[in-house]
Amino acid sequence: MSPTVHELRNAIRAATGRFEREVKASFTKEELRAICEALDVDEPGRPSTTRMRQRIRAQVGVAESLEMADDSTFRKAELQAITDAIEAPSGS
């Protein structure tokens, strides 16, 4: 059985040193920053959540380039790609 979106988010949180959440919730700005650090994405200063999502998508290969990357919340396939990129156990 494939992991749920909630399980994937929690696997990513745990792999980046963040606490798992009991409730379904999108990533916070701090959690996105931790994902960027785990992926060695250099984003100086205090980037917006939009910019970090775009960087993450480009880094894991979901988007062909930063300019083509979507800035919305992550979908299940994108979460799986992030999980694979940071080598987080996804429970599958």
Return the minimal non-hydrogen interatomic distance between [X] and [Y], and the atom names on each side.
X: S65; Y: A58; answer: C-CB, 4.0 Å
X: I12; Y: L79; answer: CD1-O, 3.7 Å
X: V23; Y: H6; answer: O-CE1, 3.1 Å
X: R9; Y: S26; answer: NE-CA, 4.0 Å

Straight-line distance of [X] [atom1] to [Y] [atom2], nearest 0.5 Å:
X: C36; Y: R53; atom1: SG; atom2: CZ; result: 11.0 Å
X: I82; Y: L39; atom1: CD1; atom2: CG; result: 7.5 Å
X: Q59; Y: I35; atom1: CD; atom2: CD1; result: 12.5 Å
X: L32; Y: E37; atom1: CG; atom2: CD; result: 11.5 Å

Who passes side-chain contact (heavy atoms from CB on, under 4.5 Å) against A63, sequence neighbours left out?
->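 Per chain and number, A63 pairs via side-chain contact (heavy atoms from CB on, under 4.5 Å) with R57, A69.
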
Name all residues meeting the side chain to side chain donor-acceptor pair (under 3.5 Å) criterion together with K29; count only those two or more places apart in sequence or in a different chain, and write none if there are none.
->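 Checked K29 against side chain to side chain donor-acceptor pair (under 3.5 Å); zero matches.
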
Partners passing side chain to side chain donor-acceptor pair (under 3.5 Å) against D70 (at least two apart in sequence or in another chain) =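 Scan of D70 (side chain to side chain donor-acceptor pair (under 3.5 Å), adjacent residues dropped) gives S72, R75.
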
Only pairs at least two apart or in different chains count here, so list each salt bridge (charged side-chain N to carboxylate O under 4.0 Å, His left out) that has a residue in residues 19-28.
->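 Applying salt bridge (charged side-chain N to carboxylate O under 4.0 Å, His left out) to every pair that reaches into residues 19-28, excluding sequence neighbours, yields R21-E31.
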
Got a sec, which residues hit salt bridge (charged side-chain N to carboxylate O under 4.0 Å, His left out) with R51, two or more places apart in sequence or on another chain?
->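 Only E43 meet the salt bridge (charged side-chain N to carboxylate O under 4.0 Å, His left out) criterion with R51.
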
Got V62 and F74 here, is their nearest side-chain heavy-atom distance under 4.5 Å?
->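 No, too far: nothing below the 4.5 Å cut-off.
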
List the steps and the verdict of side chain to side chain contact (heavy atoms under 4.5 Å, CB included) for F27 and R13.
-> CA-CA 9 Å; F27 292 120; R13 286 182 177 107; 4.0 Å; yes

Let me see the working for T83 and Q80 under side chain to side chain contact (heavy atoms under 4.5 Å, CB included), right down to the final yes or no.
-> CA-CA 5 Å; T83 302; Q80 187 63 59; 4.3 Å; yes

Does E7 reach the main-chain N or O of T4 with its side chain, forming a donor-acceptor pair under 3.5 Å?
->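 Flag set: sc E7 to bb T4 pair under 3.5 Å.
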
Would you say K76's side chain and L8's backbone share a donor-acceptor pair under 3.5 angstrom?
->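 Not at all, since once roles are kept as given, no pair shorter than 3.5 Å links the two residues.
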
For D42 and R55, what are the C-alpha separation, side-chain angles and deciding distance, and is it a side chain to side chain contact (heavy atoms under 4.5 Å, CB included)?
-> CA-CA 9 Å; D42 185 28; R55 285 268 191 202; over 6 Å; no

